[in-house]
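Each chain gets a letter, A, B and so on, in the order its sequence line appears, and its residues count up from 1.
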Protein chains: 2
Amino acid sequence: MTRDISDILKTNGFKITSTRLAILKVFSSDCKPINAEYIHDKLKKEKVNIVTIYRTLISFENAGIIKRVDMQKDSVYYELAGHHHHHIICTDCGMVESFDGCDLDNLSKEVLKSSNNFSLINKHSLELFGLCKKCCKN
Amino acid sequence: MTRDISDILKTNGFKITSTRLAILKVFSSDCKPINAEYIHDKLKKEKVNIVTIYRTLISFENAGIIKRVDMQKDSVYYELAGHHHHHIICTDCGMVESFDGCDLDNLSKEVLKSSNNFSLINKHSLELFGLCKKCCKN
DNA sequence: ATATTAAATGCAAATAGGTTGCAATTGTGG
DNA sequence: CCACAATTGCAACCTATTTGCATTTAATAT
């Protein structure tokens, strides 16, 4: 487990530090998009400086270990890049559920075919917003 | 034209001011997602305070006149809410093209059916990212 | 094991994007 | 054209994030 995590660092050419291991552990234990402050809170015993967290997030994103998620919030949320999926987000309480099978490759091909200006699509963002059962009752 | 625009304001219960007309005119002449600073630049002759622009954007969004677009940038982008569509965005030069026919209502239904926790989906964000023909040559 | 060194971290300060309080101005119904 | 609430501008503030620089530390060579 910690083995897997330090392998992630090693294969990406990062030095293995307790801070980075801890940040990765937060990502893999909480299976939802999180932001710098959330990580900072989770690691408050470890007294990790928030600047370090921001810097780590940037380098993890560049390495493709994590990726941004559009949560329509005021700060940047990330999650492990692992396998491709998307989210439903409750606009009331923030609850998040994920789903696979977006089948946007087809759409991308169609769009590309009928576009005069674009020649490559390599990424997409897709999030659904709504209300969870609990919040819907209000 | 200016008539149409002031009607938008009137039907939404806004007072008709030159600032608001000017902001709406920027939206309708530039058919792409724009942010507060872009509007501020376009209206620099008119010397509109940027705070006013921020406030106007918020009230237009609340009224449903404009809506947010996820551009994966550091500021909030909006466009006229008009008809439903999405974008392809060049991650190199920022060029934007739009397309219709996302057919996410089907996907939403499927997702909702197989979700234990959600009972309503009323919004989605979908953007494609890639390279335009010009940038692809580099 | 130890020295070396580039990478990683912490701290303080700066920046960027956006918001708030309040006083001055202005559009609009009566 | 009067009254008044809505709108705007200005200054100050706030939150999220970045930068500069000095210090520490993991990894490598010895």
Side-chain angles (χ1 to χ4, degrees), chain A residues 2-3 5-26 33-63 65-78 94, chain B residues 2-3 5-26 33-63 65-78 94:
Chain A
T2 304
R3 194 91 283 278
I5 287 180
S6 60
D7 279 349
I8 294 175
L9 293 177
K10 215 170 287 175
T11 55
N12 282 285
F14 289 114
K15 284 188 180 175
I16 295 170
T17 68
S18 57
T19 297
R20 299 218 253 236
L21 289 174
I23 293 176
L24 279 180
K25 215 171 280 180
V26 174
I34 57 182
N35 66 1
E37 206 170 329
Y38 180 90
I39 297 171
H40 192 231
D41 282 354
K42 283 267 170 177
L43 300 182
K44 58 165 135 348
K45 278 171 231 150
E46 289 85 343
K47 287 211 190 297
V48 181
N49 194 293
I50 194 148
V51 173
T52 302
I53 295 175
Y54 279 117
R55 285 198 267 234
T56 304
L57 290 174
I58 290 169
S59 51
F60 282 3
E61 188 191 7
N62 290 338
I65 298 172
I66 59 176
K67 63 183 173 192
R68 286 173 182 238
V69 179
D70 169 31
M71 297 282 283
Q72 309 225 352
K73 297 270 181 61
D74 295 332
S75 62
V76 180
Y77 283 70
Y78 300 89
Chain B
T2 304
R3 196 90 285 278
I5 287 181
S6 60
D7 280 349
I8 294 176
L9 293 177
K10 215 170 287 176
T11 54
N12 282 284
F14 290 114
K15 284 188 178 173
I16 296 170
T17 68
S18 57
T19 297
R20 298 218 253 237
L21 290 173
I23 292 176
L24 279 181
K25 214 170 281 179
V26 174
I34 57 181
N35 65 3
E37 206 171 330
Y38 179 90
I39 298 170
H40 192 231
D41 282 355
K42 283 267 169 175
L43 300 182
K44 59 163 137 343
K45 277 170 232 150
E46 290 84 344
K47 287 213 190 296
V48 181
N49 194 293
I50 193 145
V51 173
T52 301
I53 295 175
Y54 280 119
R55 286 198 265 232
T56 304
L57 290 174
I58 290 169
S59 52
F60 282 3
E61 188 191 6
N62 290 337
I65 299 172
I66 60 175
K67 62 183 175 193
R68 286 172 182 238
V69 179
D70 169 32
M71 296 285 281
Q72 309 224 353
K73 297 270 180 64
D74 295 332
S75 62
V76 180
Y77 283 70
Y78 300 90

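- Considering only side-chain N and O atoms, A/Thr17 lies under 4.0 angstrom from the phosphate OP1 or OP2 of C/dT9.
- The nearest pair of heavy atoms linking A/Ser75 to A/Asn35 is OG-ND2, 2.9 Å.
- B/Arg20 has no side-chain polar atom (N or O) that falls below the 4.0 Å cut-off from OP1 or OP2 of C/dG27.
- Distance A/Leu24 CG to C/dA8 P: 13 Å, rounded to the nearest Å.
- Within residues 50-63 of chain B, the residues that place at least one heavy atom under 4.0 Å from DNA chain C are, in residue-number order, B/Val51, B/Tyr54, B/Arg55, B/Ile58.
- Checking D/dT7, D/dA26, D/dA16 against the side-chain heavy atoms of A/Ser75 singles out D/dA16 as nearest.
- Of all non-hydrogen atoms in B/Ala36 and B/Tyr54, the two that sit nearest each other are CB-CE2, 3.5 Å.
- Straight-line distance from the NZ atom of B/Lys47 to the P atom of C/dT25: 18 Å, rounded to whole Å.
- Closest non-hydrogen pair, A/Asn49 versus A/Val51, comes out as OD1-N, 2.8 Å.
- We find the CD1-CD1 distance between A/Ile39 and A/Ile34 to be 4.0 Å, quoted to the nearest 0.5 Å.
- A donor-acceptor contact shorter than 3.5 Å is absent between the side chain of A/Arg68 and the backbone of A/Val76.
- Separating the CD1 atom in B/Ile5 from the CG atom in B/Leu24 is a distance of 5.5 Å, to the nearest 0.5 Å.
- Between the NZ atom of B/Lys15 and the C1' atom of D/dT8 there is a distance of 11 Å, rounded to whole Å.
- In this structure, B/Lys73 reaches neither bases nor backbone, as no heavy-atom distance under 4.0 Å exists between it and the strands shown.
- You'll find the ring centres of A/Phe14 and A/Phe60 inside the 6.0 Å limit.
- Atom pair B/Leu43:CG and D/dG9:P shows a separation of 11 Å (rounding to whole Å applied).
- When rounded to the nearest whole Å, the span between CD of A/Glu37 and P of D/dC14 equals 15 Å.
- Between A/His40 atom NE2 and C/dG10 atom C1' there is a gap of 11 Å when expressed in whole angstrom units.
- B/Asp74 CG: 12 or fewer foreign heavy atoms inside a 6.0 Å radius.
- Interatomic distance, A/Ile50 CD1 to A/Asp41 CG, rounded to the nearest 0.5 Å: 8.0 Å.
- With the end axes of the helix from C/dA1-D/dT30 to C/dG30-D/dC1 each set by five pairs, the angle from one to the other reads 40° at 10° resolution.
- Among the atoms of the strands shown, none is found under 4.0 Å from any heavy atom of A/Asn35.
- The separation between B/Tyr78 atom OH and C/dG17 atom P is 14 Å, rounded to whole Å.
- Distances shown here put a side-chain N or O of A/Asn49 below 4.0 Å from the OP1 or OP2 atom of C/dC11.
- Rounded to an integer number of Å, the gap from B/Phe14 CZ to C/dG29 C1' is 19 Å.
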